[in-house]
Amino acid sequence: MIPVTEPFLPPREEYIDYIHGIWERNWLTNNGPLVNRLELSLKEYLGLNHLLFVSNGTLALQLAIKSLGLKGEIITTPFSFVATTSSIVWEGCTPVFADIDPKSLNIDASKIEAAITENTSAILATHVYGNPCDVEAIQKIADKHGLKVIYDGAHAFGVELRGKSVFDYGNISICSLHATKLYHSIEGGLVITGDPALLRKMAYMRNFGFDGPESFAEMGINAKNSEFHAAMGLANLKYLPDIHEKRKLLTEHYHKMLKNVKGYTPQWHPQATMNYAYYPFVFESEKLAMKCFEALKRIEVFARRYFYPSLSSVLPYLPAKEMPVTDDIAKRVLCLPLYYDLSLEEVDLISRVILRVQNN
Ligand code: T4K
């Protein structure tokens with residue numbers, strides 16, 4: 001069986017080395033030493049001044065929305081994982097969709113302005129598959145209309161845009177460190193901001209708002225993460241260069257093998273590095289995409305339709321809205337298997353099945 005992804009696991013002994021200390025200290029969660037160490041290591045690795053390690057990417061989004069005090073409408077992309085939209089609704093705001101650009105698959109900045117009303121408070125855009133949004137155009141619109149900007153960088157770990165971390169754009173960025181991500185802490189997430197006051201606010205919010213054992217600075221939630229999760233994050237860190245190289249090799253092999261397949265891969269931001277988080281392919285038609293999907297399934301290869309259907313049409317708690325570009329792309333896109341332990345031979349096999357389906 002070949003799944004769309006498989007978590008990377010460090011050598012067991014290296015994880016256990018971190019765990020030994022937990023037994024010695026008997027300190028399991030609530031901002032422990034491994035959590036602090038992971039935060040410092042990630043700041044250094046990513047070249048960032050301020051970040052917090054939280055329970056998961058979804059709570060990271062919720063902290064971002066809450067800490068900015070957002071109300072009313074938030075303009076967002078219909079082409080993302082459900083958490084991007086559901087977090088907006090969960091925080092009592094209304095998502096307003098703007099369609100995507102068919103080349104980058106990110107929110108189309110030229111469609112944002114038409115969606116702005118007097119109730120708009122922010123733009124929440126996803127760097128889909130790790131490919132950075134047009135951050136300059138988005139910031140211009142935000143500045144013109146006095147809006148906040150949140151980036152859902154769940155897929156974008158390690159990506160640099162114009163020489164600095166992609167997480168360094170907007171008011172707040174978030175990342176997911178879920179097991180299915182290229183770098184993970186089993187469950188986990190990050191909130192990142194350049195504003196120290198905002199970071200302090202989110203740090204309180206992550207821990208019920210506590211400012212001391214008997215006082216509160218903010219309204220809060222439990223978005224803390226544990227020493228066991230931090231240990232996994234720390235153990236995985238040193239393998240990032242290997243993980244990056246292997247994913248790059250596999251991606252380039254897919255590119256080579258699939259160059260004659262009718263369709264395309266998203267156009268990457270020209271000033272950004274790649275992290276090879278996913279291998280999305282937009283087929284010429286839904287028919288071809290689904291034929292490939294079924295043929296792969298017959299040999300136990302499980303591609304995924306990330307992200308079908310469009311969030312603007314599928315959520316029972318939102319009115320359906322037509323988004324012509326997203327509705328079309330979502331039907332035609334497949335994410336092909338991509339993970340550290342996948343072999344070049346398996347990429348060959350997957351690609352040959354796709355070529356055979358197309359040529360039949
Ligand atoms: N924003 C965006 C843009 C996101 O993509 C996500 C999450 C979030 C926000 C929220 O972040 P978190 O709150 O999750 O930190 C998976 C992930 O669960 C989810 O984190 C991710 N995006 C999404 C794109 O993919 P599913 O429902 O596809 O997961 P699942 O269980 O089907 O797993 C996918 C494949 O991975 C399976 O075929 C098998 C393999 N797998 C999975 C797990 C958990 C394993 O081999 N071992 C495992 O332990 O959502």
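Just so it is clear, the values below take in all heavy atoms, side chains as well, and ignore hydrogens, waters and symmetry mates. When a ligand or atom number is given, it counts from 1 through the structure's own listing order. If you're wondering where the values come from, they're calculated on a predicted model, not measured in any experiment.
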Exercise. Can you tell me if N207 uses its side chain to pair, donor with acceptor, with the backbone of F210 under 3.5 Å?
Worked result: no
Exercise. Hey, is the main chain of C133 close enough, under 3.5 Å, to the side chain of H127 for a donor-acceptor pair?
Worked result: yes
Checking a contact table here: which protein heavy atom is nearest [atom], and how many Å away?
{"atom": "atom 8 (C) of ligand 1", "result": "F81 CD2, 3.7 Å"}
{"atom": "atom 5 (O) of ligand 1", "result": "H155 NE2, 2.7 Å"}
{"atom": "atom 44 (C) of ligand 1", "result": "H178 CE1, 3.9 Å"}
{"atom": "atom 2 (C) of ligand 1", "result": "A154 CB, 3.3 Å"}
{"atom": "atom 46 (O) of ligand 1", "result": "P7 CD, 3.3 Å"}

Seminar exercise, completed: Applying side-chain contact (heavy atoms from CB on, under 4.5 Å) to D17 and not counting sequence neighbours gives H20
Problem set entry | Set of side chain to side chain donor-acceptor pair (under 3.5 Å) partners for T326, sequence neighbours left out | D99
Exercise. Taking NZ, NE, NH1 and NH2 as the nitrogens, is one of them in K331 or D327 under 4.0 Å from a carboxylate oxygen of the other?
Worked result: no
Exercise. Do E218 and R206 meet the salt-bridge criterion of a basic N to acidic O distance under 4.0 Å?
Worked result: no
Seminar exercise, completed: Note: T84, heavy atoms under 4.0 Å from ligand 1, region reported as side chain
For this session: For ligand 1, note which part of Y306 has a heavy atom under 4.0 Å away: side chain, backbone, both or neither.
Result: side chain
Problem set entry | Within-cutoff protein neighbour (heavy atom, under 4.0 Å) for atom 37 (C) of ligand 1 | no
Exercise. Distance below 4.0 Å between atom 25 (O) of ligand 1 and any protein heavy atom?
Worked result: yes
For this session: State whether a side-chain donor-acceptor pair under 3.5 Å links T84 with D152.
Result: yes
For this session: Identify which one of F8, Y183, Y239 satisfies the ring pair (Phe, Tyr, Trp, His ring centres under 6.0 Å) criterion when paired with Y340.
Result: F8
Among [options], closest by any non-hydrogen atom to [atom]:
{"atom": "atom 11 (O) of ligand 1", "options": "A179, S176, A83", "result": "S176"}
{"atom": "atom 20 (O) of ligand 1", "options": "K181, R304, H184", "result": "K181"}
{"atom": "atom 13 (O) of ligand 1", "options": "T58, L59, I174", "result": "T58"}
{"atom": "atom 33 (O) of ligand 1", "options": "L61, N56, T77, T180", "result": "T180"}

Suppose I only count heavy atoms of [X] and a 4.0 Å limit; which atoms of ligand 1 are within that range?
{"X": "T5", "value": "35 (C), 36 (O), 39 (C), 40 (C), 46 (O)"}
{"X": "G188", "value": "15 (O)"}
{"X": "S80", "value": "3 (C)"}

Seminar exercise, completed: Result for side chain to side chain donor-acceptor pair (under 3.5 Å) between Q271 and one of R162, E136, E160 points to R162
Problem set entry | Same apolar cluster (I L V M F W Y, side chains within < 4.5 Å links), L40/W27 | no
Would you say [X] and ligand 1 have an N/O pair spaced under 3.5 Å apart?
{"X": "D152", "answer": "yes"}
{"X": "E187", "answer": "no"}
{"X": "Y278", "answer": "no"}

Problem set entry | Considering all heavy atoms, the nearest S67-K201 contact | O-NZ, 3.0 Å
For this session: Look at the rings of F307 and F79 and say which category their plane angle falls in: under 30° parallel, 30 to 60° tilted, over 60° perpendicular.
Result: perpendicular
